[in-house]
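Following: one structure in structure tokens, then a few remarks.
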Amino acid sequence: MGEVALGKTYVHLQQYDKAMDMAEQVLKRNRFSAEAQDILAQASDAKQQGELAISAIRQAIKLSPFSLPRHFHACEIARNHDDYLLAAESSFAIWDLSKRTVHYDCLHWCGYIRSLLDVAEYTDDKRTRNKYQQEALLALQRGKFDEYLHRLDEDFDVEIFGRIMNARVNAIDGKMLDAKKHLVRSQWAIEEKYQTPPIAFIPDSIKVMYDLGEFEDALKLQEVLKNSEGNLDPNSRFLLSKEQHNSKQNFANYQQFNREGIKYYQQGKYEQAKAAFALAQGFAPVNTGVTLNLLQCLLQLLLKSDKPSREMMLECRKLFKLIDDMPLKQQHAEKYQTLRQELDQIIG
């Protein structure tokens, strides 16, 4: 036991080679030590030795499958090294095991559904993608009748969470407009039902917002999370950290070109403004604000031209499709209605 404790200390002190040596010494004498495999997994994970880390944590789970902390470590290690199948297996174990403990939380069920869609999102195989999307949707259906889930939190709305996850399925399939419709309706339903968004809905809402390029909405939800009293589980924290890291450059580019577009528009340089907003849209393909800004530029350019070109008319109609039938916030809806009426008068 002393060597295991020393091995854990070495991991804590980031002395990973010493931790691995200590774990190997323990395993030579007792190959059934799950804790030594944990140490080996965590140390090799930190050293970016993914194959060894995955092998060790799988062996630890095999030896001792009923430890919640071990499965949380497995999820982290698996995602660090793109083994989303292992992450899904351990996410299900976390949900299943937590039912028998004080750590029972609907966040664990949400994490399990999310992990199935992670497998779908990060595979190149269409059959695997379809399989895990269907598994996630079936699990959502079963959740409607899960007595544990309803007993745990009467306020947790499976239907709303289902809309968020349907948005994610659409995003994985590249159906960004459908994804946005599901997401917007889920957020409206949350606003109608709750004074503040429940913690359980926030991580996946932010994930889809980043996928869609709705960066401002994602930032608002991050503020809600920062000011809330609830605690996120490790899997949710990992998701948010990863999404913030992955979208950092896209967000910076979007902000830069959007600011440039606004500056040019205010200067009356509508061609340059339109070009800048188009670049911003490249990083936020269905962002409502950018779409409205582009329509505003087109209106100004059409007003200055003697006759609308076929190209500009097609561009207007393409932008209309991004907003027509889309649930809009009041300020966006009013702006779109005004722009649409003025543009229709010009282009017919």
Side-chain angles (χ1 to χ4, degrees), residues 167 170-171 174-184 187 205-223 243-348:
N170 291 143
K175 299 173 181 175
M176 294 308 189
L177 281 177
D178 290 334
K180 186 167 179 179
K181 285 175 186 175
H182 277 300
L183 181 69
V184 170
Q187 302 308 299
S205 294
I206 290 175
K207 156 72 177 158
V208 181
M209 286 168 184
Y210 277 133
D211 287 343
L212 298 175
E214 294 290 358
F215 300 112
E216 293 92 349
D217 290 342
L219 287 175
K220 285 177 190 171
L221 270 189
Q222 282 171 8
E223 279 302 309
E243 288 306 310
Q244 285 165 11
H245 175 76
N246 288 351
S247 63
K248 190 175 180 180
Q249 192 57 54
N250 278 356
F251 184 32
N253 291 337
Y254 158 80
Q255 279 186 311
Q256 178 194 334
F257 293 122
N258 198 45
R259 277 197 297 262
E260 285 180 13
I262 292 167
K263 184 184 76 176
Y264 284 130
Y265 187 89
Q266 289 170 344
Q267 294 170 352
K269 299 175 180 177
Y270 302 122
E271 281 285 3
Q272 291 98 316
K274 179 172 160 294
F277 286 134
L279 288 169
Q281 192 182 46
F283 297 100
V286 291
N287 184 290
T288 302
V290 170
T291 305
L292 290 171
N293 288 340
L294 278 167
L295 282 170
Q296 214 165 359
C297 290
L298 281 166
L299 174 61
Q300 295 298 333
L301 291 169
L302 286 165
L303 288 170
K304 286 172 69 177
S305 64
D306 297 329
K307 184 183 176 185
S309 69
R310 184 173 179 275
E311 188 182 77
M312 290 174 81
M313 290 168 68
L314 288 172
E315 201 168 347
C316 280
R317 292 194 175 111
K318 184 181 172 185
L319 292 168
F320 288 158
K321 283 181 182 177
L322 291 178
I323 296 186
D324 281 339
D325 302 322
M326 185 68 65
L328 297 174
K329 295 172 186 173
Q330 188 178 350
Q331 65 190 62
H332 284 159
E334 289 171 0
K335 185 175 179 180
Y336 179 57
Q337 196 63 37
T338 303
L339 285 169
R340 183 73 197 247
Q341 286 172 357
E342 292 184 47
L343 284 162
D344 279 345
Q345 286 174 6
I346 297 170
I347 66 174

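For NZ of K269, the number of neighbouring non-hydrogen atoms (other residues, nucleotides, ligands) closer than 6.0 Å is 12 at most. In the displayed structure, Q267 atom CD is contacted under 6.0 Å by more than 12 heavy atoms of other residues, nucleotides or ligands.
The ring-ring contact (aromatic ring centres under 6.0 Å, His included) check on F257 picks up nothing, with sequence neighbours excluded.
Inter-residue side-chain proximity for T291 and M326 is flagged as unmet; no heavy-atom pair is nearer than 4.5 Å. Counting heavy atoms from C-beta on, the side chains of F320 and D344 come closer than 4.5 Å. Between L298 and L339 the shortest side-chain heavy-atom distance does not fall below 4.5 Å. Looking only at side-chain heavy atoms (C-beta outward), E342 and T338 come within less than 4.5 Å of each other.
Contact between A171 and M176 at its shortest, heavy atoms only, is O-CE, 3.9 Å. Between L295 and C316, the closest heavy-atom pair is CD2-O, 4.1 Å. Of all heavy-atom pairs between G213 and A284, the closest is O-CB, 3.3 Å. The two residues N258 and A280 have their closest heavy-atom pair at N-CB, 3.8 Å. Of all heavy-atom pairs spanning A273 and C297, the tightest one is CB-SG, 3.7 Å. In this structure, A179 and L212 approach most closely via the heavy-atom pair CB-CD2, 3.9 Å.
Atoms CD and CE, from Q187 and M209 in turn, are 4.0 Å apart once rounded to the nearest 0.5 Å. Atoms CG and OH, from L301 and Y270 in turn, are 8.5 Å apart once rounded to the nearest 0.5 Å. Put simply, CG on L299 and CD on Q345 are 9.5 Å apart, with the number rounded to the nearest 0.5 Å. N287 CG to K180 NZ: the interatomic distance, rounded to the nearest 0.5 Å, is 6.0 Å. Expressed to the nearest 0.5 Å, how far NE2 of H332 lies from CG of L292 amounts to 6.0 Å. Here OH of Y254 is found 7.5 Å from CD of E214. Values are rounded to the nearest 0.5 Å.
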Please tabulate, for side-chain N and O atoms in residues 246-253, each donor-acceptor pair with protein atoms closer than 3.5 Å (sequence neighbours left out).
from : atom 1 : to   : atom 2 : distance (Å)
S247 : OG     : E243 : O      : 2.7
Q249 : NE2    : N253 : OD1    : 3.2
N253 : ND2    : Q249 : O      : 3.3

Practice item. Determine, stepwise, if the pair I346 / M312 fulfils side chain to side chain contact (heavy atoms under 4.5 Å, CB included). Key: CA-CA 11 Å; I346 297 170; M312 290 174 81; over 6 Å; no
Check your understanding: Which is it for L219 and E223 under the side chain to side chain contact (heavy atoms under 4.5 Å, CB included) test, yes or no, and what are the steps along the way?
Key -> CA-CA 6 Å; L219 287 175; E223 279 302 309; 6.0 Å; no
Review point. What do the steps show when you test E271 against Y264 for side chain to side chain contact (heavy atoms under 4.5 Å, CB included), and what is the final call?
Key: CA-CA 8 Å; E271 281 285 3; Y264 284 130; over 6 Å; no
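Side chains of Q300 and K274: a donor-acceptor N/O pair is absent below 3.5 angstrom, by distance only.
Evaluation of the side-chain hydrogen bond (donor to acceptor under 3.5 Å, both in side chains) test over residues 321-330, restricted to residues two or more places apart or in two chains, returns D217-K329, D324-Y336, D324-R340, Q330-E334.
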